[in-house]
Amino acid sequence: MAEHITAIRLNRPERLNAIDFALVAELHDALDAVAADDECKVVILTGTGRGFSAGLDLKDYGEVPEVGAHRHYPAGQTGQNFLASLTEHLRATPQIVIAAVNGPAFGGGLSLALACDLRFAARGASFCSAFIRTGLTGTDAGVSYLLPRLIGAARAFDMIITGRTVDAAEAERMGIVSRVVDDEQLWDEALAAARGIAEYTTFGLRNTKEVLWHNLDTPSMGAAIALENRNQLLAAGQAEVWAYMESYSGRRRGGS
C-alpha cells in the first residue's frame, strides 16, 4: 500500500461480504488500529470479490460478543447497536475514508458507504436501502440521518420506503457517489485520489473532516464560519503546516 494510505477490505466474499457479528468486531478493530496510526492519512474501504457488502447476513449473523469481550461492546450494549455504531465509528475516525464501492451495497453495506467521507463506485455497483424489505422498519444503521443529508429528503424517502435498487449511474446523479468508473479501474481511481489527498498535511485533513461534518448540522452560517476561523488560527501554529506552506510557495515560484 502507498505511503500514508491504509486499505480495509470487508472479507466474506462467499457471502458478498454480508455482515455478521465477527465482521462487525473486525471492522471496529481495524478502525481502531487506523485511528492509532499517526502516519496514516487516508483509508480506502472496499469489499473483497464481487460485492461491497450485501448488508446483514440474515442466514447466519453469528453471536454477539460477551459483555466486555470487545471494547465496543460494553455493558448495556445490544447487537443492534454494536453493528449500527460502525457508522459513527467511521465518522469519528480521524483519517479521510474513501469507500470504493465495487459491487452491491445493500442495507448495512449502504450505511457503511454513506458514513465514509468520499464514495467512488464501479459501474457495476448497486445501492439499496434494503431494511424495509425485512419486514422491520426502513431505518437502521444511521441511514435515516446519512442519506437525506447526501441526497435530500425526497430522494432519501424514495429509496428508504420503496427499498428499490439504484444503479451506479443513478447513484451519481443523485449524489450518493461523486465518481463512477469502469469496474476494473475502481481501485486505481481510489488509490490515485488517496495519494493526492495524502500529500496534504495531517492537521489540515483531520481538521477539515471534523469541521465539514460538524457544519452539516450547524445552526447558522455564523457558527460555521466561527469554526472555520478556529481551524485556520490553530493551523497557523503548526510546524507541519509552516513546512508545507514554505514548500508550496517554493514550488509556485519555481513554476511547478
Side-chain angles (χ1 to χ4, degrees), residues 1 5-40 42-117 119 127-147 160 206 209-210 213:
M1 183 52 56
I5 300 167
T6 299
I8 298 177
R9 296 181 184 274
L10 307 176
N11 192 28
R12 297 186 73 216
E14 73 285 356
R15 300 287 299 148
L16 281 178
N17 303 313
I19 299 168
D20 63 4
F21 286 117
L23 185 147
V24 172
E26 290 167 3
L27 184 50
H28 274 305
D29 290 342
L31 293 173
D32 284 341
V34 162
D37 182 0
D38 202 40
E39 294 299 311
C40 179
V42 187
V43 177
I44 303 174
L45 177 66
T46 193
T48 302
R50 298 182 298 109
F52 182 76
S53 173
L56 180 65
D57 190 338
L58 296 174
K59 290 186 177 180
D60 183 12
Y61 43 76
E63 299 292 331
V64 298
E66 295 292 330
V67 172
H70 191 280
R71 64 173 301 203
H72 292 278
Y73 202 91
Q77 182 73 282
T78 65
Q80 167 71 30
N81 193 59
F82 186 49
L83 190 162
S85 64
L86 280 171
T87 52
E88 293 180 289
H89 199 170
L90 280 162
R91 179 65 57 81
T93 299
Q95 290 84 359
I96 303 300
V97 184
I98 300 173
V101 183
N102 56 310
F106 280 36
L110 173 65
S111 289
L112 291 179
L114 297 178
C116 294
D117 305 304
R119 283 157 300 282
F127 303 81
C128 179
S129 180
F131 303 113
I132 197 72
R133 296 182 178 185
T134 66
L136 299 169
T137 78
T139 58
D140 198 354
V143 71
S144 64
Y145 179 91
L146 296 164
L147 194 58
I160 291 170
R206 292 181 184 178
K209 173 173 178 169
E210 179 189 45
W213 288 123

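Throughout, residue positions are numbered sequentially from 1 according to the sequence presented.
Rounding to the nearest 0.5 angstrom, the gap separating the OG1 atom in T137 from the CZ atom in F131 is 8.5 Å. To the nearest 0.5 angstrom, K59 atom NZ is 8.0 Å from D57 atom CG. We find the OG1-CG distance between T134 and D140 to be 8.0 Å, quoted to the nearest 0.5 Å. With rounding to the nearest 0.5 Å, the separation of OG1 in T87 from CG in L112 is 7.5 Å.
Between R119 and A113, the shortest heavy-atom distance links the atoms CD-O, 3.1 Å. Of all heavy-atom pairs spanning T139 and S144, the tightest one is CG2-CB, 4.0 Å. In terms of heavy-atom proximity, A100 sits nearest to T46 at O-OG1, 2.7 Å. Closest approach of G51 and N102 over heavy atoms only: O-ND2, 3.3 Å. S129 approaches V143 most closely through the heavy-atom pair OG-CG2, 3.9 Å. Of all heavy-atom pairs spanning Y73 and V64, the tightest one is OH-CG2, 3.8 Å.
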**Item:** Candidate pair N17 and R9, rule side-chain contact (heavy atoms from CB on, under 4.5 Å), full reasoning
**Value:** CA-CA 9 Å; N17 303 313; R9 296 181 184 274; over 6 Å; no
**Request:** Show your reasoning for whether side chain to side chain donor-acceptor pair (under 3.5 Å) applies to D29 and H72.
**Result:** CA-CA 9 Å; D29 290 342; H72 292 278; over 6 Å; no
**Message:** Would D20 and D60 count as a side-chain contact (heavy atoms from CB on, under 4.5 Å) here? Give the steps.
**Reply:** CA-CA 7 Å; D20 63 4; D60 183 12; over 6 Å; no
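For R71, the CZ atom sits in a loose shell: 12 or fewer heavy atoms of surrounding residues, nucleotides or ligands are nearer than 6.0 Å. Annotation: Y61, atom OH; neighbour count of heavy atoms from other residues, nucleotides and ligands within 6.0 Å does not exceed 12.
When side chains are defined from C-beta on, L45 counts as touching F52, because their heavy atoms get closer than 4.5 Å. In this structure, K209 and V97 have side chains that are in contact, with non-hydrogen atoms separated by less than 4.5 Å. At least one side-chain heavy atom of W213 sits under 4.5 Å from a side-chain heavy atom of D117. Residues P13 and N11 form a side-chain contact, since some pair of their non-hydrogen atoms from C-beta on lies under 4.5 Å apart. Side-chain contact check for I160 versus I132: every heavy-atom pair is 4.5 Å or farther apart.
Of the possible donor and acceptor atoms, none in the side chain of R206 sits under 3.5 Å from a partner among the backbone N and O of P94.
Listed by chain and number, the residues in a side chain to side chain contact (heavy atoms under 4.5 Å, CB included) with E14 are R12 (sequence neighbours excluded). S111 meets the side-chain hydrogen bond (donor to acceptor under 3.5 Å, both in side chains) test with no other residue; sequence neighbours excluded.
For residues 88-100, the side-chain hydrogen bond (donor to acceptor under 3.5 Å, both in side chains) pairs, not counting sequence neighbours, are H28-H89, D32-H89.
Paired with S53 under the rule side-chain contact (heavy atoms from CB on, under 4.5 Å), one option of I19, L110, L16 passes, and it is I19.
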